[in-house]
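Have a look at the structure below before the remarks.
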Amino acid sequence: MPELPEVETVCRGLAKTLEGRKIVNVTVRRRDLRVPLPKNFEQVLRGRKIHRITRRAKYILMHLDGGHVLIIHLGMSGSLVLYDKKPTHWRKHDHVIFEFSPFMLLAFHDPRRFGLMALGTEKTLEKNKLFTGLGPEPFDKKLGAVFYPLLHIAKAPVKSVIMDQQRIVGVGNIYACEALFASHIHPKRPANKVTAKEAALLLASIRKTLKEAIKSGGSTLRDYVRSSGDAGYFQHRFCVYGRKGEPCVTCKTPISVIRQSGRSTFFCPHCQK
DNA sequence: CGGTAGACCTGACCGC
DNA sequence: TGCGGTCAGGTCTACC
């Protein structure tokens, strides 16, 4: 499901509801997520209070008592759904259920199981294998100074470079397509052929696209909904993603789709050079 | 080393 | 109705 805006939306929704509540029970219905849940998973979490919920890259971090951190990644198809009363039955692929006090339930739902949940601690978070090597956040002020150099030393297609979480985090397939369209840059252009001026525009476009998507509550494709059960709305504002053959919003040329390292790339062959 | 193809997994959808 | 093919918002690994 989710790129940065969707994860950010989920985080904000969960923070509002869950911060200050205590985990009183954890029920694991399936342990073999992308990374198998550790043996002590339930035992470590039970009885701990959630102090804060934050995000790093596409990871959700629940900061708990005693410096423990619950790390969650939603993969492609994961979602976290809140319930204020017990549903009559759990859905297929509701793999982990949390119960809180004051009463609330949270289900981790993930049909494809590309998502994961892991335990960490505040002290070791930086050195956690999931986080070492992650690039800067797109809204990091320091990124301005390093973004062009980072493109300049890579000769892979610019689209795969901005999707590389080692160089900049949070940009996935949808927002990569959208940001490149907004910058008039062809997705196949080698990154080192992007000029300094274009790089500045591209970074600004990435930030603007992500920011507006967050404002719209993320994008709802297929069955993804926010934890509240509401859908996001940004999908209605896609300029290129999923619009193969439809007219470009600026020049009316039909939108093209190509395959880049296994992913669909949508772009306007007239506006993007 | 940098870059790319394939693997991981399930479900939805389309054409026959 | 059923079957096979294709596609899906992300990472990780194996290989050139």
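Quick note on labels: first sequence line is chain A, next is B, and so on, each numbered from 1. All heavy atoms count here, side chains included; hydrogens, waters and symmetry mates do not.
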If you check every side-chain atom of Tyr241(A), which of dT4(B), dA8(C), dG10(C) has the closest atom? dA8(C)
Roughly how many Å is it from CD in Glu3(A) to P in dA8(C), rounded to a whole number? 13 Å
Rounded to the nearest 0.5 Å, what's the gap from CG on Leu130(A) to CG on Leu116(A)? Could you check? 6.0 Å
Contact under 4.0 Å: Arg34(A) side-chain N or O vs dG10(C) OP1/OP2: no
Think Lys155(A) has a side-chain N or O under 4.0 angstrom from the OP1 or OP2 of dG2(B)? no
Rounded distance (Å) that lies between atom C1' of dG2(B) and atom CG of Leu150(A): 14 Å
Please find the pair of heavy atoms, one from Ile97(A) and one from Arg29(A), that lie closest to each other, and give the distance. CG1-CD, 4.0 Å
Identify whether any heavy atom of Arg263(A) sits under 4.0 Å from a base atom; if not, whether one sits that close to sugar-phosphate; answer base, sugar-phosphate or nothing. base
In whole angstrom, what separates Asp164(A)'s CG from dG10(C)'s C1'? 13 Å
As a test of reading the structure: which of dT4(B), dG10(C), dG3(B) is closest to the side chain of Arg167(A), going by heavy atoms? dG3(B)
Are any of Gln165(A)'s side-chain N or O atoms less than 4.0 Å away from OP1 or OP2 of dG10(C)? no
Looking at dC9(B), I'd like to know if its phosphate oxygens (OP1 or OP2) sit under 4.0 Å from a side-chain N or O belonging to His93(A). no
Partner of dC9(B) by Watson-Crick or G-U wobble geometry, both contacts under 3.5 Å, or none? none
Is Phe114(A) stacked on the base of dC8(B), meaning ring centres closer than 5.5 Å and planes within 30 degrees of each other? yes
Lys188(A) NZ to dG3(B) C1', straight-line distance once rounded to whole Å: 15 Å
To the nearest angstrom, how far is Met117(A) atom CE from dG10(C) atom P? 19 Å
Given 3.5 Å as the limit, does a donor-acceptor pair link the side chain of Arg48(A) with the main chain of Ile50(A), or not? no
Other residues, nucleotides, ligands: >12 heavy atoms within 6.0 Å of Arg52(A) CZ: no
With a 4.0 Å cut-off on heavy atoms, is Pro190(A) in touch with a base, just the backbone sugar-phosphate, or nothing at all? nothing
Tell me what Gly172(A) touches on the nucleic acid: a base, only sugar-phosphate, or nothing, going by heavy atoms under 4.0 Å. sugar-phosphate
Side chain of His73(A) only, please: which of dA5(B), dA8(C), dT11(C) is the nearest? dT11(C)
Residue from Glu3(A), Arg263(A), Lys159(A) passing side-chain hydrogen bond (donor to acceptor under 3.5 Å, both in side chains) with Asn173(A): Lys159(A)
Nearest-Å distance once atom P is located in both dC9(B) and dA14(C): 15 Å
Mate of dT4(B) across any strand shown (Watson-Crick or G-U wobble, both atom pairs under 3.5 Å) is dA14(C)
Look at Lys92(A) and dG11(B) and indicate whether a side-chain polar atom (N or O) is within less than 4.0 Å of OP1 or OP2. yes
Can you measure Gln260(A) atom CD to dG3(B) atom P for me and round it to whole angstrom units? 14 Å
Once you round it to whole Å, what is the distance between P of dT10(B) and CZ of Arg91(A)? 16 Å
Residue Arg113(A), side-chain atoms from C-beta onward, closest of dA5(B), dT11(C), dC9(B): dC9(B)
Give a yes or no on whether the ring-centroid distance for Phe266(A) and Phe238(A) is below 6.0 angstrom. no
May I ask you to verify if any side-chain N or O of Ser264(A) is less than 4.0 angstrom from the OP1 or OP2 atom of dA8(C)? yes
Between dT10(B) atom C1' and Asp32(A) atom CG, what is the distance in whole Å? 13 Å
Return whichever of Lys129(A) or Arg112(A) has its heavy-atom-nearest nucleotide of DNA chain C closer to the 5' end. Arg112(A)
